[in-house]
Amino acid sequence: QVQLVESGGRWVQAGGSLRLSCTASGRTFSTYAMGWFRQAPGKEREFVGACSRSGGSAYYADSVEGRFTISRDNAKNVVYLQMNSLKPEDTAVYYCAAAASGYYSDYMKRYEYWGQGTQVTVSS
(Lines give C-alpha, C1' and ligand atoms only; values in the text may rest on other atoms or scores of the structure.)
Protein backbone atom coordinates (compact mmCIF):
# COMPACT_ATOMS: atom_id res chain seq x y z
CA GLN A 1 0.00 0.00 0.00
CA VAL A 2 1.13 3.56 -0.66
CA GLN A 3 -0.05 6.96 0.50
CA LEU A 4 0.36 9.96 -1.78
CA VAL A 5 0.57 13.65 -0.94
CA GLU A 6 0.66 16.32 -3.65
CA SER A 7 2.11 19.78 -3.18
CA GLY A 8 3.18 22.80 -5.20
CA GLY A 9 -0.14 24.02 -6.51
CA ARG A 10 -0.78 27.74 -6.43
CA TRP A 11 -1.98 30.71 -8.45
CA VAL A 12 0.12 31.62 -11.49
CA GLN A 13 -0.26 33.89 -14.50
CA ALA A 14 -0.74 32.49 -17.98
CA GLY A 15 2.58 31.65 -19.58
CA GLY A 16 4.17 30.84 -16.24
CA SER A 17 5.51 27.59 -14.86
CA LEU A 18 4.89 25.39 -11.86
CA ARG A 19 6.32 22.15 -10.58
CA LEU A 20 4.03 19.86 -8.67
CA SER A 21 5.39 17.18 -6.38
CA CYS A 22 3.81 13.96 -5.21
CA THR A 23 5.49 12.29 -2.25
CA ALA A 24 4.77 8.65 -1.54
CA SER A 25 5.04 6.69 1.67
CA GLY A 26 6.36 3.17 1.81
CA ARG A 27 9.40 1.32 0.55
CA THR A 28 7.97 -0.02 -2.69
CA PHE A 29 7.47 3.24 -4.58
CA SER A 30 9.66 2.10 -7.45
CA THR A 31 7.28 -0.77 -8.20
CA TYR A 32 4.38 1.58 -9.00
CA ALA A 33 3.67 3.26 -12.29
CA MET A 34 2.59 6.83 -11.62
CA GLY A 35 0.03 9.05 -13.23
CA TRP A 36 -1.19 12.61 -13.01
CA PHE A 37 -4.81 13.57 -13.50
CA ARG A 38 -6.74 16.80 -13.11
CA GLN A 39 -10.27 17.92 -12.50
CA ALA A 40 -11.59 21.35 -13.39
CA PRO A 41 -14.76 22.76 -11.81
CA GLY A 42 -17.83 21.15 -13.31
CA LYS A 43 -15.82 18.71 -15.38
CA GLU A 44 -14.83 15.08 -15.09
CA ARG A 45 -11.39 14.09 -13.95
CA GLU A 46 -9.05 13.70 -16.91
CA PHE A 47 -5.69 12.17 -17.67
CA VAL A 48 -2.67 14.46 -17.82
CA GLY A 49 0.30 12.12 -18.08
CA ALA A 50 1.90 8.98 -16.71
CA CYS A 51 5.32 7.44 -16.34
CA SER A 52 6.86 4.04 -15.98
CA ARG A 53 8.31 2.61 -12.78
CA SER A 54 11.77 3.84 -13.63
CA GLY A 55 10.59 7.12 -15.09
CA GLY A 56 12.31 6.23 -18.34
CA SER A 57 9.07 6.26 -20.29
CA ALA A 58 6.19 8.69 -20.15
CA TYR A 59 3.28 9.82 -22.21
CA TYR A 60 0.89 12.71 -22.08
CA ALA A 61 -2.53 13.93 -23.00
CA ASP A 62 -2.57 15.87 -26.26
CA SER A 63 -3.63 18.99 -24.38
CA VAL A 64 -0.36 19.12 -22.41
CA GLU A 65 2.09 17.40 -24.76
CA GLY A 66 5.19 19.54 -25.18
CA ARG A 67 4.35 21.72 -22.17
CA PHE A 68 4.26 19.27 -19.25
CA THR A 69 6.93 16.79 -18.19
CA ILE A 70 6.76 13.99 -15.65
CA SER A 71 9.82 12.78 -13.80
CA ARG A 72 10.43 10.77 -10.69
CA ASP A 73 13.10 10.22 -8.09
CA ASN A 74 12.67 6.74 -6.68
CA ALA A 75 15.34 7.31 -4.06
CA LYS A 76 13.21 10.12 -2.62
CA ASN A 77 9.82 8.54 -3.33
CA VAL A 78 8.73 11.55 -5.34
CA VAL A 79 7.14 12.08 -8.74
CA TYR A 80 7.06 15.52 -10.32
CA LEU A 81 4.92 17.28 -12.86
CA GLN A 82 6.73 20.19 -14.46
CA MET A 83 4.21 22.50 -16.12
CA ASN A 84 5.36 25.18 -18.52
CA SER A 85 3.53 27.67 -20.71
CA LEU A 86 0.49 27.40 -18.49
CA LYS A 87 -2.90 28.37 -19.85
CA PRO A 88 -6.12 29.34 -18.05
CA GLU A 89 -7.61 26.04 -19.21
CA ASP A 90 -4.99 24.24 -17.12
CA THR A 91 -6.78 25.47 -14.00
CA ALA A 92 -7.81 22.39 -12.00
CA VAL A 93 -7.15 20.28 -8.99
CA TYR A 94 -4.23 18.03 -9.87
CA TYR A 95 -4.02 14.50 -8.52
CA CYS A 96 -1.25 11.96 -8.58
CA ALA A 97 -2.06 8.28 -8.64
CA ALA A 98 -0.19 5.00 -8.29
CA ALA A 99 -0.75 1.78 -10.22
CA ALA A 100 0.30 -1.36 -8.37
CA SER A 101 0.42 -3.32 -11.61
CA GLY A 102 3.46 -1.27 -12.60
CA TYR A 103 1.91 -0.47 -16.00
CA TYR A 104 1.13 3.14 -16.74
CA SER A 105 -2.14 4.03 -18.36
CA ASP A 106 -4.50 6.88 -19.10
CA TYR A 107 -7.36 4.86 -17.57
CA MET A 108 -8.20 6.02 -14.06
CA LYS A 109 -9.37 2.64 -12.85
CA ARG A 110 -5.87 1.24 -13.39
CA TYR A 111 -4.73 3.32 -10.42
CA GLU A 112 -5.51 2.04 -6.95
CA TYR A 113 -4.03 4.85 -4.88
CA TRP A 114 -4.73 8.57 -5.10
CA GLY A 115 -3.57 11.70 -3.38
CA GLN A 116 -5.87 14.41 -2.07
CA GLY A 117 -5.05 16.84 -4.87
CA THR A 118 -3.45 20.26 -5.15
CA GLN A 119 -5.11 23.33 -6.68
CA VAL A 120 -3.56 25.03 -9.68
CA THR A 121 -5.10 28.31 -10.81
CA VAL A 122 -3.90 30.00 -14.00
CA SER A 123 -5.12 33.53 -14.61
CA SER A 124 -5.17 35.27 -17.98
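Start at 1 with the first residue, then count along the sequence.
- Contact record, G117 with V93: CA-CG1, 3.8 Å, taken as the closest heavy-atom pair.
- With D73 contributing its side chain and V78 its backbone, the two residues share no donor-acceptor pair below 3.5 Å.
- Formation of a donor-acceptor pair under 3.5 Å by the T118 side chain with backbone atoms of Y94 is not found in this model.
- Side chain of Q39 to backbone of A92: no donor-acceptor contact under 3.5 angstrom is found.
- In this view, F37 and F47, Y111, W114 satisfy the ring pair (Phe, Tyr, Trp, His ring centres under 6.0 Å) rule, not counting sequence neighbours.
- Checking side-chain atoms of S57 against main-chain N and O of S52 turns up no donor-acceptor pair under 3.5 Å.
- The backbone N or O of R38 sits nowhere less than 3.5 Å from a side-chain atom of E46 that would complete a donor-acceptor pair.
- Each of D90, V120, V12 was scored for a side chain to side chain contact (heavy atoms under 4.5 Å, CB included) with M83, with one residue passing: V120.
- Remark: E112 pairs with no residue by the side-chain hydrogen bond (donor to acceptor under 3.5 Å, both in side chains) rule, at least two apart or across chains.
- With hydrogens and angles disregarded, a donor-acceptor distance shorter than 3.5 Å links the side chain of R72 to the backbone of R53.
- Linking ILVMFWY residues whenever their side-chain heavy atoms come closer than 4.5 Å, directly or via other members, leaves Y113 and Y95 in distinct clusters.
- A heavy-atom distance below 4.5 Å is found between the side chains of F68 and L86.
- Between the N77 side chain and the G26 main chain, a donor and an acceptor come within less than 3.5 Å of each other.
- V79 pairs in a side chain to side chain contact (heavy atoms under 4.5 Å, CB included) with only one of the listed residues (I70, T23, L4), which is I70.
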I'd like a table of donor-acceptor pairs (distance under 3.5 Å, sequence neighbours excluded) in which one partner is a side-chain atom from residues 96-110, with atom names and distances.
{"from": "S101", "atom 1": "OG", "to": "Y103", "atom 2": "N", "distance (Å)": "3.2"}
{"from": "S105", "atom 1": "OG", "to": "Y107", "atom 2": "N", "distance (Å)": "2.9"}

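- The environment of CD in Q3 is sparse: at most 12 heavy-atom neighbours from other residues, nucleotides or ligands sit within 6.0 Å.
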Full working for side-chain contact (heavy atoms from CB on, under 4.5 Å) between T69 and Y60: CA-CA 8 Å; T69 303; Y60 305 90; 3.8 Å; yes
